[in-house]
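Okay, structure first, notes after.
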Amino acid sequence: MESSASGDGPSATTAAVAAAAAVASSSSGPSTSASAFSAGVSGGASATHYLAKRVLHGSAVQHVARGHFRSEHLWEFVLCKGTSLELVVVGEDGVLQSICEQNTFGIVKDVGVLDWRFKHFGIWPEIEGKEILVLLSDSGKLSLLYFCCQMHRFIPIGNIELSKPGNMRDQLGRILAIDHDSAWVAISAYEDAFAVVRVGRTQHVYGPNKEIVEKAKIVHAVYKTSDIRGTVWSMCFMRTRCSMDEYYPVVAMIINRKGSDANDLSMYALAANDGGIQYLSGYSEPGPLALEIAEIPQLDGFGLLFRAGDILIVDLRDPKDICCTIRISMTGSLVGEQISVEDSCRGLDVDDDVAACALLELRDSGNNIMMDDSCMAIDGADNPGSMKSRVICSWSWEPDAMRGQPRLIFCLDDGEFHILEFNWDTEGLKVLPERVHRGLPCKPLLWMDRGMIAGFVEMGDGMILHLEHGRLVHRSTVQNVGPILDLAIADYHGEKQDQLFSCCGMCPEGSLRVIRNGVNVEKLLRTEPIYQGVTGLWTLRMKRTDTYHSFLVLAFVEETRILSVGLSFNDISDAVGFQPEVCTLACGLIADGLLVQIHSKGVKLCLPTSHAHPEGAALTSPVCVDWYPDVTISVGAVGHDVVAVATSNPCCLYILRVRPLSSLQYELYETQHVQLQYEVSCISIPEEDSRLRTSCSAFGGDFRKREGNNSAAEVDVRMFAVIGTHKPSVEVISLEPDEAFRLLSIGSISVNNALGAPVSGCIPENVRFVASERFYILAGLRNGMLLSDRSWLLYASRHSLAYSSISFLPASHVTPVSSVDCPSGLLFVAENCLHLVEMVHGKRLNAQKFSVGGTPRKVLYHSDSRTLLVMRTGLTGASCSSDIVQIDPNNGILLSRFKCELGETAKCIQIAKIGSEQVLIVGTSKSTDRPMMPNGEAESIKGRLIVLSLDTLGSPHECSSFIPTSNLSSSSHTGSFPEIVGYANEDFSSNSMCSSPDDICYNQIQFEQIAGHLRSLTHVTFTGAVLAVYPYLDRYVLAAAGNTLSVFGFVNENPHRMKKYAVSRTRFTITCLKTYGSQIAAGDCRDGVLFCSYHENLRKLELIYADPAQRLVGDVVLLDCETAVVSDRRGSISVLSCPGLEVSESPEKNLAVQCSFFMGEIAMSIQKAAFKYRLPIGDETDPVLESAYNCVVASTLLGSVFVMIPLTSEEHQLLQDVQERLSLHPLTAPILGNDHAEFRRRGIPSGVPSILDGDMLVQFLELTSEQQQTVLDDGSSVKAPRRSISVFQVMRMLERVHYALN
């Protein structure tokens, strides 16, 4: 790095003092102080051990497959998203519903389905009636998977070795095709190599007692060739007239031969005589470039040849004599016009240069198949020019089509959807085309059952369409947040939960997404803050069969109020009859029309009037009956025809029932009175449910009569109650009306802290009986079960219950509520208000979307105004193509705007503080071309550094909101939004800096050009695009233009007077900048991360450390002055730190790589964050009840979000042992058959420790207790000496990680 110095520093403060001050206020660090993740990891020094976990699966769908994976009668669909699979179904309403999602621990390249449903019944019972999912991946293997309903995931039944892991260009693993009989699979490499694989299966071998002696397995034979001599673009099997004794199977392939500008159709077959793959013939029709080949179902020997601008129907029945029968032209089709069909394409008059031009256009547009599948074209122009010839970007055949009438739907790159219907009659093959839709281009496309069609947009939301009367009708949206180009993390005000503001998608589908973890809720109503001191909350029905609730009961310290249920709450306390001046302990519906209130003095039975409910009594006042005990009631519960109350001194339990005396006359009477050994802390009587009508055998024999024979007693479990005691314990008692008091079961409660010592005072204060696939009793403990201050949703998950946070602010009480307007609502009490919300179960992502138009490239959260600053490119308006807008994140309202000059594109933004004023630093490029050459050197283009004032940012009430279909350009919103045009009256010299290093850059925009709140203060012109800016030491600004890094200051803290103090140059273009204290980290597009520092006394930038390896940096973040986390565009993330050497020992030293992790996805934005949470179980003395300080959040182009958290050495060693065991266990090993360690270490130098894989580790939580113990007992996989590992210890640690981040 070359360096130069200039000018005097703005102050005489030493660098050491400045660094100390900057560490405390650096924007790289967290906004609030936090302690370490666990004991031994402090905030002052970075950890060397990390765990990485994906908290949001990717949403960019790259491959799709349909099949019968769980049942032979049910259509289901698999979405392949890079490194994960999702099994989904489509409901009758057209909404995509997720069944399961799992990690593949490898990159999926292609997908197919083997239909073995009706073959060889009885051979392999586990897969009978199911289709087999076939995956081709970077594992170098062909993976065959079936869906295991018991494990609720795909399980491999075979992995066929094809090549080495990693998928080199000439190794098999790029494209696959499956023949009609599901007996052969064809696989190609990117170039030169090709193979066909015969797949079959054996059956289980049973012993004399029907035990399995030898398990069934997959058998295969692989036939390879390396004589393709070209790049394979597409292939499919063809049923021909060739004798199977001569050639079988036959494969048609589209190949680009080396040195050729055109693609040809080539036929290959497996020769029966010698088992070798032979070339049969080739076919090349003059005209557009051939792209793909597909077999026409039900029409043996006919194929579709997709070309740039047309489709050829080719007759391949004789593979050695190929001919074209029909040409379908699409080049001249406009909206409203049908595509044309010609009977023959022989002798077409086509320009000889068309093929070469089409090939170049395809390469320029990113459609070249030779490109890496995981790459997205995010760095080029936002609005690339359209091709001369319209290209089919996706297609799909109709499932279960009518016999002899196959139909194909395809999508063009301009968004037109067409259907082709094929008919065969005595006159030959006929084709009926029909245009059915115009929308966004989709890739991939899938024709589902019931006329549903799924289209997935590459960089935007997908859609579910329905074919109705010859037209496609939009039914639902499939959310896709990929690619995530940038993100900002901020606390959701009032909820104490982090949320991610992310820039998603590209023009024209660019959007701003607010991503939150947990279950999404839609906020419907919030009352005034008039509900202070709420102690209880219940919703009641008037009758047991009512669909909706009628009453909302609110208990206060010395008061009870009853409100009507609906979108408005009306007080109807007097008409219901509850005692108003007491605190209600419990209430419920004891019989139709009869409500019960339990308070400390007694029990009240009420018959509401018709004023409270239309079916109430036609009386002026409610009918009420009271029952009073001799002592004070502490707790109680109401069930069907029964009331249970308990007293504390003495410890007694009373059972009450109700009987009618006459019309509108009732009596509450005591049926049982039992004295207990321990005080009752809570009571719960389950509501009647058909699932509860079962015998005690459903409980595994836990419920038994206390009789001498100890035989299991048949018990109607509807009639029982669950009580919690001060023992502490949870007990189940019988409530049978004609039987004496019986204790059915008892469970003692014991909770240990992290040190293994018992936690005292774990008294259950609430209990619930839950019936799902199994029966559970849930107990909320007064001192021991801490789920933090969030609201949580509990649900059944395979072998146990799981829980996820609800995206809502901390609440003291919650109850379900059902009304006509809100049938599935929840009512929270929070901040002295009632909040009516509805959980959104249909959304697969908890993400709110604001369509902003163009491509949102950068986003910043401005904490003072609680608004977002978003940098957009690719706008279609005439006034500008790029701008910066201020947005209210609550509703998407646009508050203010700054427009770049014509032909200028904003490249980066950062918030800085100059004196007492906040400013926004903007870097731009004065050209729409790429800012760097392919070799990494900077292009000779202009750029600007602009300073905008943020002191008068707009408030949400000043402007209108986003329009989802608008691009928010000035042409469509003239006069609606405050704007400022970034023009200047004075031009700077052509030098990269000012004309002299000491010249003051004072170039204020004239006031008559200002309209809005983002007021421009000054700017500087560079030779080179300004790709990165960042504040430094609270008084400088760093700017990277091309390969030049500059330090700017402000004279007398005046943001209008910017001055350059130092310049330094690197070998290649700088793409990102971050600072921490006095340390500067620069991301180079070739040389990786460079550490440098600015010497104020010498006014000099000095290189301190360099990256030990060449690295195309995606983004970088500094955890402290010595540690950086960097992502690269190969899919890895690494932690680098300064070695323990003195700087003066060498003029240039390399950083040390502490640990690395191969994600398999490219992270373009990484941020430092601090996560605060409590353990699911623990107490205040637990040393891990702290924050993860040096956490890192990374977002990827496929829409995934990864979180890295630091670990102590002890935690790392324990979890590493568990990870090694899990990676080899049959239930948790990678389904692609690859080596997990090899995948996560791909591209990492030997000797560098690997970051632990949280996705592999959390699979431990999905296993049964027996399976967990089996995994830990298997020490054969651990290289280190075997040691004993406790299941409880592992569960505790993994639950802390899993539930805190999810």
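Fair warning: this is a prediction, and the values are worked out from it, not measured in the lab.
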Taking the side chain as every heavy atom from C-beta outward, state whether [X] and [Y] have any atom pair closer than 4.5 Å.
| X | Y | answer |
| --- | --- | --- |
| Ile884 | Val870 | no |
| Asp1084 | Thr1071 | no |
| Val1192 | Val1203 | no |
| Thr924 | Glu904 | yes |
| Arg1086 | Leu1112 | no |
| Leu1014 | Val885 | no |
| His1019 | Arg944 | yes |
| Thr867 | Leu895 | yes |

Please walk me through it: do Leu869 and Leu920 pass side-chain contact (heavy atoms from CB on, under 4.5 Å)?
CA-CA 9 Å; Leu869 298 168; Leu920 182 68; 3.9 Å; yes
Any donor-acceptor pair under 3.5 Å linking the side chain of [X] with the backbone of [Y]?
| X | Y | value |
| --- | --- | --- |
| Ser882 | Cys900 | no |
| Thr855 | Arg857 | no |
| Asp1253 | Asp1255 | yes |
| Ser1156 | Ser1250 | no |
| Arg1129 | Ile1162 | no |
| Asp1087 | Gln1110 | no |
| Asp486 | Val859 | yes |
| Gln62 | Gly82 | yes |
| Asp1128 | Gly1131 | yes |
| Thr1075 | Gln1079 | no |

Do [X] and [Y] sit within salt-bridge range, that is, some charged N less than 4.0 Å from a carboxylate O?
| X | Y | result |
| --- | --- | --- |
| Glu937 | Arg1067 | no |
| Asp888 | Arg866 | no |
| Arg54 | Glu1161 | yes |

Can you name the closest pair of heavy atoms from [X] and [Y] and give their distance?
| X | Y | answer |
| --- | --- | --- |
| Ser1137 | Thr1123 | CB-OG1, 4.0 Å |
| Leu440 | Pro508 | CD2-CG, 4.1 Å |
| Ser881 | Thr905 | OG-OG1, 4.4 Å |
| Val1153 | Pro1108 | CG2-CG, 3.7 Å |
| Tyr1032 | Ser1093 | OH-OG, 4.1 Å |
| Arg897 | Cys880 | NH2-SG, 3.7 Å |

His49 vs Gln1154, side chain to side chain donor-acceptor pair (under 3.5 Å): CA-CA, chis, key distance, verdict:
CA-CA 8 Å; His49 302 292; Gln1154 296 292 337; over 6 Å; no
Atom [atom1] of [X] and atom [atom2] of [Y]: how far apart are they, to the nearest 0.5 Å?
| X | Y | atom1 | atom2 | value |
| --- | --- | --- | --- | --- |
| Cys1191 | Met1204 | SG | CE | 9.0 Å |
| Leu1198 | Ser84 | CG | OG | 8.5 Å |
| Phe456 | Asp461 | CZ | CG | 11.5 Å |
| Arg1240 | Met1256 | CZ | CE | 8.0 Å |
| Lys913 | Leu950 | NZ | CG | 12.0 Å |
| Lys907 | Leu945 | NZ | CG | 15.5 Å |

Set out, in order, the CA-CA distance, both residues' side-chain angles and the distance that settles side chain to side chain donor-acceptor pair (under 3.5 Å) for Thr1069 and Asn1043, then state yes or no.
CA-CA 4 Å; Thr1069 303; Asn1043 67 334; over 6 Å; no
Name the residue from Lys858, Arg872, Lys899 that meets the salt bridge (charged side-chain N to carboxylate O under 4.0 Å, His left out) definition with Asp883.
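Looking at Lys858, Arg872, Lys899, the match for Asp883 under the salt bridge (charged side-chain N to carboxylate O under 4.0 Å, His left out) is Arg872.
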Between Phe1158 and Arg1241, does a side-chain contact (heavy atoms from CB on, under 4.5 Å) hold up when you go through it step by step?
CA-CA 6 Å; Phe1158 181 71; Arg1241 292 188 53 84; over 6 Å; no
Under 30°, 30 to 60°, or over 60°: which ring-plane class applies to Phe501 and Tyr861, parallel, tilted or perpendicular?
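The arrangement is parallel - the two ring planes meet at less than 30°.
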Would Phe1048 and Tyr1036 count as a ring-ring contact (aromatic ring centres under 6.0 Å, His included) here? Give the steps.
CA-CA 6 Å; Phe1048 285 88; Tyr1036 298 104; over 10 Å; no
Carefully, step by step, assess Ile1133 and Phe1202 under the rule side-chain contact (heavy atoms from CB on, under 4.5 Å).
CA-CA 10 Å; Ile1133 191 166; Phe1202 287 83; over 6 Å; no
Kindly write out the residues that satisfy side chain to side chain contact (heavy atoms under 4.5 Å, CB included) with Ser502, not counting sequence neighbours, or none if the list is empty.
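Expected list: Ile484, Leu487, Cys504, Arg513, Ile515.
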Go through the steps to decide whether Ile921 and Val947 satisfy the test side-chain contact (heavy atoms from CB on, under 4.5 Å), and finish with yes or no.
CA-CA 5 Å; Ile921 309 299; Val947 181; 4.0 Å; yes
